[in-house]
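Worksheet: one structure, shown below.
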Amino acid sequence: MGYEFDFSAIIDNLGLLLHGAGVTLGLTAVATACGIALSIGGAAASRWGAGWARRAITAYVELIRNTPFIVQLFFIFFGLPSLGLRLSALQASVLAMTVNLTAYCIEIVRAGIEAVPAGQREASLALGLGPVFIFFKIVLPQALANVYPALVSQIIITMLESAVVSQIAVTDLTHVADFIQSRTYRAFETYFAITLIYLLMAISLRWMFDRAGRRLFIGRH
Amino acid sequence: MKSMALGWTSLGRAVALAGCLLTVEVGMASADVLDDIAKKGVIKIGIFQDFPPFASLSADLKVQGYDTEIADKIAQAVGAKAELVGITGQNRIPYLTEGKVDMLLSIGYSDERAKVVTFTDPYAPYYISVMGPSELDVKGAGDLKGKTIAVNRGTLEDTEATKVAPEGADIQRYNDYNGVISAFLSGQAQLMVVGNDVGATILAKNPTIKPVEKFQLLTSPSHMGVKKGETRLRDKLNTVIAGMKKDGSLNELALKWLKQPLPKDF
């Protein structure tokens, strides 16, 4: 007598699962937008910034990359209220994901910048272009093109790691699955379903970013 | 095929029934447990070791709590030494039926258990309630609207709260009591739904936000349990409980360990 599979728990709760997937994607979208923007600034500062700025960024990157994401999240959600900063679960999640993604992306973008031949910048300077123009129009596009696949991977990792925010009761996909599981005791069916949903979301995101990348960096690789 | 399976089941039932009858008869034939206790001078009391504030290991590695003080009173009353036997939720009923313990503490009544256990009167309140800071005005389920409420996901607290919560109540479900307590103490949740055991454990730590009981969701008081049919021991225990209620010592225990007086109807 084996286990009898019963996916009606999933079908009955499809709306909830879609809501959870929406929350996960929404969190990822906001964290990605903020994280990429911040990491470009951070990478530039760590390349050309003043000594103290470079040291601060190194400290930040090392701190975040060498501590678990769940600890960062708990610190923001449960710890910061003691210092008077109380963020909602959703705000805390976005902040934690952004802070985490930014740290990893600073390193990626910095590597991209360093891979742009110095001659590009020197030639632009020789043509009398301003440093800000050079950075945004000459160096950055090439830098991002260099590391685009790595950035996309990092974004997808962030989306998958965001499952951790279910621990502070954000109703993301994992939280919804835990909820359905605790009500129906259909562990296999529930986690099987969200495995598929995560997989589908990750593959679709990668496909989307790949297509976008081909348009953005046309002819560059 | 089917009839054979049925045959085996009936046979199993017959054996089980015979076993039951045999056990009952053996129980009747042997001396009364209360006499055994008096003869040996020891009463074996089954007790949880990780169930604060009813019983848990203290810093000096002794089990302490509401239940250990009750055990002392019982030992006094039966004129024997109390031997505390560590039990778990899974093994305690077999321990009782097999005579490894003479009685159990902290057992909730159920019809299923009543088939093998004889229950005393309740001796400790156990209930699930909505708790929150005193300044928050919450008197009933209707007031939960617009409030954030932390619960331990999948527990009785979760299902009960979900049942009574009106539209617009934000129930936050955490993985464990740690999450629930942290959410409440850091102000991330305005209210929480916990048993009085968890509530008392929090209060014992003197938190900055003191949780106060707002209203009860479900009550299932703790009884003592003896082996089915040991009515003399049960009657003895009932006199101990009645005595403690009368002289106020049970209420003192409740205040000391549960941080709340006994409920009025207790």
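Keep in mind that the numbers below use all heavy atoms, side chains included, and drop hydrogens, waters and symmetry copies. All chains are named by letter (A, B, ...) in the order of the sequence lines, taking the proteins before the strands, and each is independently numbered beginning at 1.
Of the atoms belonging to A:Leu80, not a single heavy atom falls under 4.5 Å from chain B. For A:Phe77, the parts lying under 4.5 angstrom from a heavy atom of chain B are both the backbone and the side chain. When heavy atoms are compared at a cutoff of 4.5 Å, B:Asp176 does not approach chain A at all. Looking at B:Thr162, only its side chain comes within 4.5 Å of chain A, counting heavy atoms on both sides.
Between B:Asp137 and B:Lys139 there is a salt bridge, with a side-chain nitrogen of the basic residue lying less than 4.0 Å from a carboxylate oxygen of the acidic one. Salt-bridge check for B:Arg173 with B:Asp158: passed, with a basic side-chain N closer than 4.0 Å to an acidic carboxylate O.
A:Ala44 and A:Phe135 get closest at one heavy-atom pair: CB-CZ, 3.7 Å.
With hydrogens and angles disregarded, no donor-acceptor distance shorter than 3.5 Å links the side chain of A:Tyr198 to the backbone of A:Leu173.
Defined by atom type and a distance below 3.5 Å, a donor-acceptor pair is present between the side-chain atoms of B:Tyr174 and B:Gln172. Remark: the B:Asn175 side chain and the A:Gln167 side chain contain an N/O donor-acceptor pair separated by less than 3.5 Å. For the residue pair A:Thr67 and A:Gln72, a side-chain donor N or O sits within less than 3.5 Å of a side-chain acceptor on the partner.
By the 30° and 60° cut-offs, the orientation of the rings of A:Phe5 relative to A:Phe188 is tilted.
Listed in order of number, the residues of residues 208-220 of chain B that approach chain A to under 4.5 Å between heavy atoms amount to none.
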